[in-house]
Protein chains: 2
Amino acid sequence: MTDARLPAAIAVTAPAVAPMPTARSKARQQREQQLLELAQQILRQDGFTGLTMDRLASLSDVSKGTLYNHFSSKEDVLTALSVDSLQRLLQLFQHASTFSGHSRERALALHHAYHKFSAAEPTLFLCLLSAATPGVMEKSSPARMLQRQQLEMQLLQYCQQVLSDALADGSLQLPVGVSLEQWSFINWALAFGCNALFVPLRQLGLFAGLAAPQVNLHSINLLFDGMGWLPLSSGWDYQQSWQQISLKFDSAANSESTLAHSAQEQA
Amino acid sequence: MTDARLPAAIAVTAPAVAPMPTARSKARQQREQQLLELAQQILRQDGFTGLTMDRLASLSDVSKGTLYNHFSSKEDVLTALSVDSLQRLLQLFQHASTFSGHSRERALALHHAYHKFSAAEPTLFLCLLSAATPGVMEKSSPARMLQRQQLEMQLLQYCQQVLSDALADGSLQLPVGVSLEQWSFINWALAFGCNALFVPLRQLGLFAGLAAPQVNLHSINLLFDGMGWLPLSSGWDYQQSWQQISLKFDSAANSESTLAHSAQEQA
DNA sequence: GTGAAAAGTTGACGGATCGTCATTTTAGGT
DNA sequence: ACCTAAAATGACGATCCGTCAACTTTTCAC
């Protein structure tokens, strides 16, 4: 954290501590990204059963040995994909937190980002779900797990920041015996539950008549109203807020995906 | 469905349609239960990585061929375990719905049952999580998936029943544009999210200071308050309700587990 | 520029696990 | 006691995982 404040001389004499991005590591990271892109494509096309290390290697331009130089196991690939998802989510959260509105609207924007990501990238979201599974966690590399943990913490920072803001501006009050952590956890849990359950339950034929965005918005309204987060849904049109967020947010996502697309085509 | 109404003669001449529980099928089902018990034990002891079909076969008193006569794949074993969990949850829900109190307390009892199960049987709960994963769903037998679907529908029936009761007795009102399905889904999602996220996030070192039951109760209170479910948490001591439910419920669970234990030892 | 050391790449290989199937064993009926 | 159908067995082929010794490329000192 404080490394940035150290004299340059130290940084030069001890580059191993804060390694500067060499051209080599840059290329390595880029290729890792390509491999993950390919893995994702395989998942989309042939499902999770179709993802095989041999297949991933043969469809890519590297051999199996090199593949294992990037990922410690097949499960590590899944965790890497989930790390990728978390990084993208983090960006989306950064954008969302800039939404100009009161604190509850900003919180809504965070939920919106989470929801839109789960809807736009169902495969990645399933990776996120799978990566929380014991069978995957047991076989992932510690380094990757650490990355995951740090990213989740950063995401939570955004949640807690909005809650802090709300406490500061008086639109929200913390009851005695309740911690800010608790509320951010509950927010996280509700968002995860709604989005993670929707697709599988629909596949099973349950809740056929439900529309994802409506349910999502509604669930958030219930929770925020329960928290007493002003203005309550009875005194504000959050449907409209949601649409406004969509407008600002979806266009940003589009321009981003366009950028990603062109970058992908160049490669 | 209407087979039960057919004359006995037909049932005798076509027993395959509505198979009576023969001694053979009885024994088969009993052994399947033993196998699942063993699988669970392996999972507890050696994690999900340690569960192998060869190992399960060798540790049991049947061969691999017979094992595959029960389960179509390794993943099918996990789904079978999740089906088992759902059946036990169904029983717990049945008990919970008999709690004598107002409708919101009964709903709380359902959440309590769900939470207690996740806490008392973390391994089975992780099976429930894993079984919602694409890699497992893709490889499970259709028959088992159907069982799972039907059980989840039955569980949802209990949720919706309590909600219906609340609407009937006036303690809850459905806003325009909101369906009973939506509310039951949101309840399900919150409970799933809270319980499914708690263990993995704790393992990652997040939310170290949170106590599971408190958070659970608190999240339910927020949601129910948001729904306007009377009496609100400001006008009723749901902490005490939770404890009362625990008292009645945990003792029931204990006597049950005792029964199960003795039954297990007889077998 | 050159050569050697370091870093990176490769695909063949051993091992583990999966799922099947021909053969053997068991159970139920006459 | 014998026959037949269902069930159990474990050896087997196939698949996939992860490793490693040999080989290629890059780096760097001289």
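Quick note on labels: first sequence line is chain A, next is B, and so on, each numbered from 1. What you are looking at is a predicted structure, and each value in this text was computed from that prediction instead of being measured.
The salt bridge (charged side-chain N to carboxylate O under 4.0 Å, His left out) check on A/Glu152 picks up A/Arg148, with sequence neighbours excluded. Qualifying salt bridge (charged side-chain N to carboxylate O under 4.0 Å, His left out) partners for A/Lys64, counting only residues two or more places apart in sequence or in other chains: A/Asp54. For the salt bridge (charged side-chain N to carboxylate O under 4.0 Å, His left out) test, residues two or more places apart in sequence or in another chain that qualify with B/Arg88 are B/Glu121. The side-chain contact (heavy atoms from CB on, under 4.5 Å) test applied to A/Gln149 returns A/Leu146, A/Met153, B/Leu204, B/Leu206, not counting sequence neighbours.
Ring geometry for A/Phe192 against B/Phe192 counts as parallel: the plane angle stays under 30°, on a 0 to 90° scale with 60° as the upper cut.
Not one N or O on the side chain of B/Ser130 forms a donor-acceptor pair closer than 3.5 Å with the backbone of B/Cys127. For the pair B/Ser73 (side chain) and B/Asp76 (backbone), a donor-acceptor distance under 3.5 Å is present.
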task = Using a 4.0 Å heavy-atom cut-off, write out nucleotides 14-22 of chain D from 5' to 3' as B (base contacted by protein), S (sugar-phosphate only) or - (no contact).
result = --SBBB---

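The number of heavy atoms from other shown groups lying within 6.0 Å of CD (A/Gln29) does not exceed 12.
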I'd like a list of close polar pairs between nucleotides 7-9 of chain C and the protein, N/O only, cut-off under 3.5 Å.
| residue | atom | partner | partner atom | Å |
| --- | --- | --- | --- | --- |
| C/dT9 | OP1 | A/Arg31 | NH1 | 3.0 |
| C/dT9 | OP1 | A/Arg31 | NH2 | 2.6 |
| C/dT9 | OP2 | A/Arg31 | NH2 | 3.3 |

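In this structure, B/Leu67 places its CG atom 16 Å from P of D/dA11, rounding to the nearest Å.
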